[in-house]
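Written out below as structure tokens is the structure these notes cover.
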Amino acid sequence: MGFLEETEKVRFEVKKAVESLGYEVEVRVEEPPNSELGDIATTVAFDLAKKYGVKPIEIAEKIVNAINLDVLELFKNVENVKGFINFRFDPNKYSVSVLNEVLSKGREYGKFPIIKKRILIEHTNSNPNKALHIGTLRNAVIGDVLARFLRFLGHEVLVVNYIDDSGSQVAENIVAHYFMKVPMEPPEGLKFDEYSGKVYAEYSDKINKDEELKKLKSEVVRKIEEGGNEISEFARKFSEEVVKCQLETAWAFGIFYDLLNWETDVIRSGIFEWAIKKLEEKGEVYVESKGVNKGCLMIRLRDVEEFKNLKAPDEVLIRSDGTATYVGKDIAYASWKLGLTPRKFKVRNWLQQPNGKSLLTTHIDGEEHDFPGADVAITVVDKRQEYPQMVVKHALKKMGMPPTKEYYPYLYEVVALSGETASEITSLEELKNKKVVHMSGRKGLVFNANDLLKIVFQKIYDETKKRHPDKAEDWLRKVSMHLSAASIRYSLVKTDKNNLIIFDVNDAVRLEGDTGPYLQYTYARACRIVEKAGVEINSVDEVLFETSEEWDLVKQIGKFSWVLNMASETLAMNTIAVYTRHLADSFNSFYEKCPVITDGVRRDRLALVKSFLITMGNAFDILGIEKLSMI
RNA sequence: GGGCCCGUGGCCAAGCCAGGAUAAAGGCGUCGGCCUUCGGAGCCGAAGAUCCUGGGUUCAAAUCCCAGCGGGCCCGCCA
């Protein structure tokens, strides 16, 4: 069995030994700082020392003597080192066990028993009036990896993308196109989503600084919400055009969805109305009679402990002009996610995705969508939206969300630009010396995901062609595309979600070191060995490993499910990316030192290479990295 | 005014939530090696760190607590 199972066995045996000595304590196991000391360790002796006033070294000695090593078949010994109790694997036995586990489980390797849940993951959530940029891409990649991961573990996962088609951003584009007669045709060379982003940047300020146009915008929002009129039809068509472009970008990165939820449909389905009524019944909303929010429907939040110190904790749900705010609609939408509302969306098939699955979209003319509600609703949103997400969470509680349900805002830090990159894309010299430049759609200061993909692709294509001058153009393009997408995905997911990413183009096109191409290169060179060996191998009886590189690789492979188990608790997807790189590092060191094919084929080493490929492949599936046998 | 996040070699960064062993992965960059054996997008080696500062808790602190400093963000009839 793998590391996860063996740590559990050790924990159990240590606990038994401790109890046999008449003590009671929680036993924790960990990895020693270096493998000279052992493979699994516990500091339980120190805990007992504190709790019972005994000497750690002495109690550790007693525990070691009380442990029945016969039960721990894969271990060679256990010893007391200054109070630390260290277990050491028998390398041959553990290697055989790990390799057979991997070879027999294949694509299932890494899974562990779970309590299966229905999980809804919402990600991407770009306003449908602009192209995806590297910030929304971080959102989409994190969400996609989460979805792939939770599916891999065996959960039932529904991936949705919320289309904010009734907000003020789209309304501004509609004012520009519909009333100010800005043409709908993008100029040569621009996709529709890129074009609409430019129109938004150009007209947003104009509209908001002009009272007449602002009134028009408010009217547009109202019309869009009402539906069944010329403006709402026009707006839906506009948004659909943008969303199609955004989807093409997402697909290029291997990101797919199950359902698109349109904000206007939150209103038209009656879900919004239901949610407001529910809050009214509970006495949690009121109409403001004075001050800046006069005439608005507010939700009362001043009674919530964590909002106590805010200047104005109550939040607007319906504006004085009768239109709904984003938060208002999001509360209603969240009540649907968790199955609190009896109202249903109507949905229909919209597009066929390149992964073969069709994409559903909410639509007024669709069929009723049968979704019983998720146990857990994960919303991937950037940190700036923490406050409104908390509002949603508390509103759900006020509506009577059962404690078995969980609303989980999955927060991550944004992507900003380095001064260098910001000044390059805007030709504004003054930005050059800044360390951080935040992107802004309104200012047109954004780095689009497509543009990044093009730049990375060019670099990778040139490199691939140099290495394979005789390969067909089709192959070169396909492989380069997979490498480019993986490269960008990896760079976005390997960083801790709480860290601000300062994006710099020069760094983004790197192919060496801690990069996606490095991982895929490693995978491909392992494929070459298996191919050349030409020997089927599905199990091993014994191994003759004698190098530390072989042993390190076995241990790394064995740790996969242990890493996934931790990730399932923290939902920190970067830990899976970091593990995957460690795994590649171990393989490359092994590769240099340990030939598999010499006079004949070393069967044990070949089994190790195959096990590596299976493990790495499963990790790639979770990270959304294509498994290429040649790059 | 209130709140959240980040601070680890020149730069980027793992580890922090669940504290341990002589205090610390990896990458970029710098320097030196390795293609007549499975792909050099690789490997091996060297130099480079007051883990922001000061207190505290503890047998043990990069990790937990408190205060401060520096950077980013949120508190809108935007989303």
Side-chain angles (χ1 to χ4, degrees), chain A residues 26 28 30 32-34 37 41 43 46 49-50 56 81-84 86 125 127 164 167-169 204 208 218 288 292-298 306-313 315-321 323-330 381-388 411 413-414 416 435-436 438 441-442 460 463-464 467 483 494-496 498-502 504 506-507 510-522 524-533 566 569-570 572 574-575 578 581-582 584-585 588-589 591-598 601 605 609 630-631:
Chain A
E26 192 198 345
R28 284 221 199 83
E30 61 188 37
N34 75 64
L37 293 163
T43 56
F46 296 100
K50 175 169 282 180
V81 181
K82 295 185 290 187
F84 294 89
N86 297 330
N125 298 7
N127 269 291
D164 181 9
S168 78
Q169 293 201 15
S204 176
N208 287 308
S218 147
E288 183 60 83
V292 284
N293 294 330
K294 188 175 173 185
C296 297
L297 185 79
M298 314 286 293
E306 56 189 286
F307 297 153
K308 222 172 47 185
N309 290 324
L310 293 176
K311 280 187 221 155
E315 191 72 17
V316 177
L317 300 184
I318 300 179
R319 301 182 186 106
S320 57
D321 67 0
T323 59
T325 60
Y326 176 85
V327 175
K329 287 175 276 199
D330 210 30
V381 284
D382 81 55
K383 258 196 174 132
R384 294 172 304 189
Q385 294 194 52
E386 178 164 13
Y387 168 65
L411 304 165
E413 229 342 324
V414 297
K435 189 171 160 140
V436 182
H438 280 281
R442 212 173 274 274
I460 288 181
E463 183 66 27
T464 309
R467 287 158 190 262
L483 283 165
K494 74 172 182 175
T495 305
D496 187 304
N498 290 321
N499 289 359
L500 180 74
I501 292 181
I502 300 171
D504 189 274
N506 298 323
D507 194 51
R510 261 184 38 235
L511 307 178
E512 295 168 3
D514 184 11
T515 65
Y518 163 70
L519 299 180
Q520 280 168 304
Y521 172 79
T522 304
R525 72 196 316 211
C527 286
R528 211 53 354 89
I529 295 174
V530 172
E531 186 186 289
K532 285 205 171 159
M566 301 248 262
E569 286 168 18
T570 60
N574 71 310
T575 58
V578 170
R581 207 206 58 246
H582 285 317
D585 292 344
N588 282 315
S589 296
Y591 181 93
E592 296 293 329
K593 185 96 176 275
C594 308
V596 176
I597 302 159
T598 48
V601 173
R605 286 182 177 168
V609 174
M630 186 181 286
I631 73 168

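By convention in this document, chain letters (A, B, ...) are assigned in the order of the sequence lines, proteins followed by strands, and residues within each chain are numbered from 1.
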By salt bridge (charged side-chain N to carboxylate O under 4.0 Å, His left out) - contacts of A/Arg28 (at least two apart)
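Expected list: none.
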
Checking all strands, does [X] fall into the base, sugar-phosphate, or nothing category for heavy-atom contacts under 4.0 angstrom?
{"X": "A/Val292", "value": "base"}
{"X": "A/Cys527", "value": "nothing"}
{"X": "A/Ala524", "value": "base"}
{"X": "A/Lys435", "value": "sugar-phosphate"}
{"X": "A/Val316", "value": "sugar-phosphate"}
{"X": "A/Ser204", "value": "nothing"}

Integer angstrom distance from the [atom1] of [N] to that of [M]:
{"N": "B/U63", "M": "B/A18", "atom1": "C1'", "value": "11 Å"}
{"N": "B/G55", "M": "B/G10", "atom1": "P", "value": "24 Å"}
{"N": "B/C11", "M": "B/U53", "atom1": "P", "value": "15 Å"}

Treating A/Thr325 as the side-chain partner and A/Val316 as the backbone partner, does any N or O pair qualify as donor plus acceptor under 3.5 Å?
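At least one qualifying donor-acceptor pair exists.
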
Do the side-chain N or O atoms of A/Thr598 get closer than 4.0 angstrom to the phosphate oxygens (OP1, OP2) of B/U37?
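A/Thr598 to B/U37 OP1/OP2: no side-chain N or O under 4.0 Å.
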
Distance below 4.0 Å between A/Arg319 side-chain N/O and B/G76 OP1 or OP2:
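Indeed not, no polar side-chain atom of A/Arg319 lies that close.
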
Does any N or O donor sit under 3.5 Å from an N or O acceptor when you compare the side chain of A/Arg467 with the base of B/A41?
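Checked by distance alone, the answer is yes.
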
Polar pair under 3.5 Å, donor/acceptor by atom type, side chain A/Ser320, base B/C77
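Present.
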
What nucleotide among [options] has an atom nearest to a side-chain atom of [X]?
{"X": "A/Leu511", "options": "B/A41, B/C28, B/C43", "value": "B/A41"}
{"X": "A/Tyr518", "options": "B/G42, B/C5, B/G39", "value": "B/G42"}
{"X": "A/Tyr521", "options": "B/C73, B/C38, B/G42", "value": "B/G42"}
{"X": "A/Thr495", "options": "B/A41, B/C77, B/A14", "value": "B/A14"}
{"X": "A/Glu512", "options": "B/C74, B/G39, B/G42", "value": "B/G42"}

Please report, rounded to the nearest Å, how far the C1' atom of B/G42 is from the CD atom of A/Glu463.
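One finds 13 Å between C1' of B/G42 and CD of A/Glu463, rounded.
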
Under 3.5 Å for both donor-acceptor distances, Watson-Crick or wobble: does [N] have a partner, and if so which one?
{"N": "B/A21", "answer": "none"}
{"N": "B/C4", "answer": "B/G72"}
{"N": "B/A67", "answer": "B/U53"}
{"N": "B/U30", "answer": "B/A46"}

So, is B/C35 syn or anti if syn means the angle is within 90° of 0?
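It is syn.
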
Please list each protein N or O that sits under 3.5 Å from an N or O in nucleotides 15-25 of chain B, with the distance.
from, atom 1, to, atom 2, distance (Å)
B/A18, O2', A/Arg28, NE, 3.2
B/G20, N7, A/Thr43, OG1, 3.4
B/A21, N6, A/Asn86, OD1, 3.1
B/A21, N1, A/Asn86, OD1, 2.9
B/A21, N1, A/Asn86, ND2, 3.0
B/U22, O4, A/Asn34, ND2, 3.0

Below 4.5 Å, heavy atoms only, C-beta onward: do A/Tyr591 and A/Ile529 meet side chain to side chain?
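In short, these two side chains touch, coming nearer than 4.5 Å.
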
